[in-house]
Colleague: 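Sharing a structure, written as C-alpha cells. Questions coming.
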Amino acid sequence: MNQNRLFFLTRWRLAGLYAGVMGIILSLSGLCVYHWMAHADWQALDQELESVAGTLHDGLEPKLKQPGQIESSAEQLLPSLCLADTTCPTQPTAPTKRHILGAVQQDGYYLRFLDLSGRMIATLGQQPEEVPPPAQKEPWQTLQDSAGNRYHQVSLLLKTDRNQPWGYMQIGRSLRDFDARLSNTKIVLLVGLPVAMLLVSVASWWLAGLAMRPVYQSYHQIQQFTADAAHELRTPLAAIRATVESTLDADNLTVTDARGTLQTIDRQNHRLSQLVQDLLLLSRMDLNVLTLNRQSCCLNDIVNDLVEEFTALAIAANLQLTAHTQGYYPLYVLGDEEQLYRLIANLINNAIQYTSRGEIKVLLNRDDHHALVQVQDTGIGIAPEDQPHLFNRFYRVNRDRSRQTGGSGLGLAIASAIAQVHQGEITLKSELSKGSTFAVRLPILSGS
C-alpha cells in the first residue's frame with residue numbers, strides 16, 4: 001500500500017516536472033513566435049512604405065519648381081490629389097501612372113504634402129484625423145487617432161528642381177490589418193497554449209508511467225529476490241536449529257547420535273556457504289567488480305573434461321552423456337576458464353537433474369565468429385509460460401524436485417550472468433515431454 005502510494009506520488013512529481021518544463025518551453029516559444037511575426041510584419045510594412053515613398057520622391061522632385069507649390073505637371077502624376085481649400089471627389093479617379101499610384105490608392109494608404117512651415121498643401125487617400133507636424137529627426141512615426149486607430153507613416157523632405165527645400169511629403173497606411181493579424185495570433189496562442197498544456201499533461205502522465213515501469217518492476221524483483229533469499233536461508237537455518245534442539249533435549253547422547261548431528265549441521269552449513277557464495281558472485285557480476293582471469297581458453301578441453309567428470313553421475317541416473325564436436329580443430333575463446341567451466345557445468349548438471357531417461361548430448365560447433373555449445377536432453381521439457389523466467393534468480397519450475405536435489409534456483413541465473421560478462425548469450429528451446437536444448441554463444445578469438 002505504502003509502496004504503491006510512493007510510486008504514485010513519484011509519478012505525479014515526474015509528470016508535473018515534465019509538464020512544467022514543457023509549459024515554460026511552449027510559453028517562451030509562443031512569445032518568440034508572436035514577437036517574430038510582429039517584427040517580420042513591421043519590417044515588411046517599413047520596406048513597403050519606404051519603396052513607395054522613394055518612388056514618389058524620385059518622380060515628383062524634378063517637376064517641383066517653386067517651394068510650397070504643386071505644378072500641373074506634378075498633379076498629372078497624381079490625378080486624385082486633393083489640394084487644400086478645395087472640394088475633392090469622394091471616389092478617386094483612375095490613375096494615369098500605375099507604378100506610382102498603384103500602392104497609394106490601396107485601402108488604408110494616405111499621402112500628404114506640407115510646406116516648410118507645416119501647413120497642409122494637398123492630400124490623397126483617407127486621411128487620419130490628427131495630423132502631427134513633420135519631424136526632421138524622426139521621419140518614421142506611429143500615430144493613433146481619437147477613435148483608437150493606429151497609423152504608420154514616413155516623412156520625407158522634398159526639393160525643387162534647383163535643389164531648394166520645397167516642403168514635406170508624408171506617406172502612411174493604417175495599421176488595422178497589422179493589429180488584426182497580431183490580435184488573431186494572440187488569440188490563437190492564448191487558446192492554443194492551454195490546449196497544448198492539457199495534451200502535454202496527459203502525455204507527461206503517460207511518459208512518467210513508462211519511466212516508472214522499469215523502476216517498479218525492479219522494485220518488485222528486489223522484493224521477490226529478498227523474499228526468496230530469506231526463504232532459502234531460513235530452510236537450512238531451521239534444520240540446524242531443529243537438529244541442535246533435539247540433540248540438547250536428549251538425555252543419553254551417544255557418540256553415533258552426536259556424529260549424526262554434526263553431519264547434519266555440516267551438510268546444512270555447506271548449503272548455506274554455497275548459497276552465500278552464489279549470491280556474492282551474482283552481486284559482483286551485477287556491479288562489474290568481478291575480477292576475471294581472462295586468457296585463451298580451449299572449449300574442446302572444457303567440454304571433454306566436463307563430460308568425463310559428469311559421466312559417473314549420468315550413469316547413476318541411468319543416462320547416457322556424450323560429447324560431439326564439429327571438425328578436429330580446437331575452438332578458443334577469451335575468458336576466465338574457471339567461470340566458463342562453471343557455466344557449462346551448470347547446464348549439464350541441470351540437464352541430468354531433469355532427465356529421467358534417455359541421452360544428454362553436449363555439442364560444440366562453430367557459428368560464424370562464435371562458438372556454439374549446446375546441451376541437449378530428452379527430459380521433461382519446460383512449459384512455454386515458464387521459459388521467459390527460467391534465468392531469473394531463485395526461479396524453479398518444480399520446487400519440490402529442487403528441494404530434493406538441493407538446488408537453490410541460482411544455477412541458470414549464474415550461467416546467464418557468466419555468459420554476459422564474456423559477451424555471450426544463452427538461448428533455450430524446449431518442448432514438454434520432449435526435452436530441452438540450452439545453447440551458449442561465445443565470441444571466438446581471432447585466428448581460431
Side-chain angles (χ1 to χ4, degrees), residues 11-57 90-92 101-112 123-156 168-211:
R11 184 178 181 181
W12 266 114
R13 292 190 185 100
L14 287 176
L17 288 174
Y18 182 79
V21 171
M22 288 301 299
I24 295 175
I25 294 176
L26 288 176
S27 299
L28 293 177
S29 299
L31 189 62
C32 291
V33 169
Y34 178 81
H35 283 287
W36 177 81
M37 288 184 60
H39 178 74
D41 287 351
W42 195 262
Q43 289 292 105
L45 179 63
D46 282 351
Q47 291 178 1
E48 188 175 0
L49 285 177
E50 188 174 6
S51 176
V52 174
T55 302
L56 289 173
H57 178 275
T90 57
Q91 298 294 333
L101 288 180
V104 179
Q105 289 188 338
Q106 293 180 14
D107 185 28
Y109 277 87
Y110 63 87
L111 182 64
R112 295 191 297 217
T123 61
L124 178 64
Q126 185 177 0
Q127 301 293 315
E129 297 182 3
E130 300 176 1
V131 181
Q136 290 271 1
K137 296 182 179 180
E138 297 180 0
W140 292 95
Q141 294 176 295
T142 301
L143 318 174
Q144 184 173 353
D145 60 16
S146 56
N149 300 316
R150 298 201 311 150
Y151 299 87
H152 189 55
Q153 71 175 22
V154 58
S155 301
L156 297 178
Y168 296 97
M169 177 185 67
Q170 291 182 336
I171 181 171
R173 64 164 296 175
S174 172
L175 296 178
R176 182 175 62 252
D177 295 339
F178 175 81
D179 291 338
R181 279 196 301 272
L182 290 185
S183 179
N184 292 335
T185 303
K186 190 181 299 183
I187 292 174
V188 170
L189 292 176
L190 292 177
V191 174
L193 184 61
V195 174
M197 282 304 303
L198 178 61
L199 296 177
V200 166
S201 300
V202 175
S204 300
W205 177 256
W206 177 68
L207 290 175
L210 290 181

Colleague: For Leu111 and Val52, run side chain to side chain contact (heavy atoms under 4.5 Å, CB included): C-alpha distance rounded to whole Å, both residues' side-chain angles, the deciding distance at 0.1 Å, then the answer.
Modeller: CA-CA 11 Å; Leu111 182 64; Val52 174; over 6 Å; no
Colleague: Restricting to non-hydrogen atoms, name the atom on Ala53 and the atom on Leu156 that form the minimum distance, rounded to 0.1 Å.
Modeller: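 Scanning both residues, the minimum pair turns out to be CB-CD1, 3.6 Å.
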Colleague: Strictly distance-based, threshold 3.5 Å: is any side-chain N or O of Thr55 a donor or acceptor partner for the main-chain N or O of Ser51?
Modeller: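 Looks like yes, one N/O pair under 3.5 Å.
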Colleague: Kindly write out the residues that satisfy ring-ring contact (aromatic ring centres under 6.0 Å, His included) with Trp205, not counting sequence neighbours, or none if the list is empty.
Modeller: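 ring-ring contact (aromatic ring centres under 6.0 Å, His included) list for Trp205, sorted by chain: Phe8, Trp12.
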Colleague: Say you draw a straight line from NE2 of His152 to CH2 of Trp140; how long is it, rounded to the nearest 0.5 Å?
Modeller: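 If we round to the nearest 0.5 Å, His152:NE2 and Trp140:CH2 are 5.0 Å apart.
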Colleague: For the atom pair CG (Leu143) and CG (Asn149), what is the distance rounded to the nearest 0.5 Å?
Modeller: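 The distance works out to 11.5 Å.
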Colleague: Please give me the minimum heavy-atom distance between Ser155 and Gln141, naming the atom from each residue.
Modeller: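 Where Ser155 meets Gln141 most closely, the heavy atoms are OG-OE1, 4.0 Å.
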Colleague: Output every pair passing salt bridge (charged side-chain N to carboxylate O under 4.0 Å, His left out) with a member in residues 29-40, not counting sequence neighbours, ordered by first then second residue.
Modeller: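 Passing the test, one end in residues 29-40: no pairs.
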Colleague: Scan residues 14-35 for pairs that pass ring pair (Phe, Tyr, Trp, His ring centres under 6.0 Å), counting only residues two or more places apart or in two chains.
Modeller: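 Residue pairs with at least one partner in residues 14-35: there are none.
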Colleague: Rounded to the nearest 0.5 Å, what's the gap from CZ on Arg112 to CD on Gln153? Could you check?
Modeller: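 With rounding to 0.5 Å, CZ (Arg112) is 5.0 Å from CD (Gln153).
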Colleague: Which pairs, with at least one residue in residues 20-35 and sequence neighbours excluded, count as a salt bridge (charged side-chain N to carboxylate O under 4.0 Å, His left out)?
Modeller: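 Qualifying pairs, neighbours excluded: none.
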Colleague: Identify every side-chain donor-acceptor pair in residues 19-33 under 3.5 Å, counting partners at least two apart or on other chains, and give the distances.
Modeller:
unit_1	atom_1	unit_2	atom_2	d
Ser27	OG	Gly23	O	2.8
Ser29	OG	Ile25	O	2.7

Colleague: List the steps, then state whether side chain to side chain contact (heavy atoms under 4.5 Å, CB included) holds for Tyr109 with Leu124.
Modeller: CA-CA 9 Å; Tyr109 277 87; Leu124 178 64; over 6 Å; no
Colleague: Of all the heavy-atom pairs spanning Ile171 and Leu56, show the shortest one and how long it is.
Modeller: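 Shortest heavy-atom separation between Ile171 and Leu56 comes out as CD1-CD1, 3.9 Å.
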Colleague: Side-chain atoms of residues 178-199: list all donor-acceptor pairs with protein atoms under 3.5 Å, sequence neighbours left out, distances to 0.1 Å.
Modeller:
unit_1	atom_1	unit_2	atom_2	d
Asp179	OD1	Arg150	NH2	2.7
Asp179	OD2	Arg150	NE	3.1
Arg181	NE	Asp41	OD2	3.3
Asn184	ND2	Ala180	O	3.2
Thr185	OG1	Arg181	O	2.8

Colleague: Start with the C-alpha distance between Glu50 and Val154, add both sets of side-chain angles, then the distance that settles side chain to side chain contact (heavy atoms under 4.5 Å, CB included), and finish with yes or no.
Modeller: CA-CA 8 Å; Glu50 188 174 6; Val154 58; over 6 Å; no
Colleague: What's the separation between atom CH2 in Trp42 and atom CE in Met37, rounded to the nearest 0.5 Å?
Modeller: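 Trp42 atom CH2 to Met37 atom CE measures 15.0 Å (nearest 0.5 Å).
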Colleague: Applying side-chain contact (heavy atoms from CB on, under 4.5 Å), can you list everything that pairs with Gln43, at least two apart in sequence or on another chain?
Modeller: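 Once residues adjacent in sequence are excluded, the partners of Gln43 under the side-chain contact (heavy atoms from CB on, under 4.5 Å) criterion are His39, Asp46.
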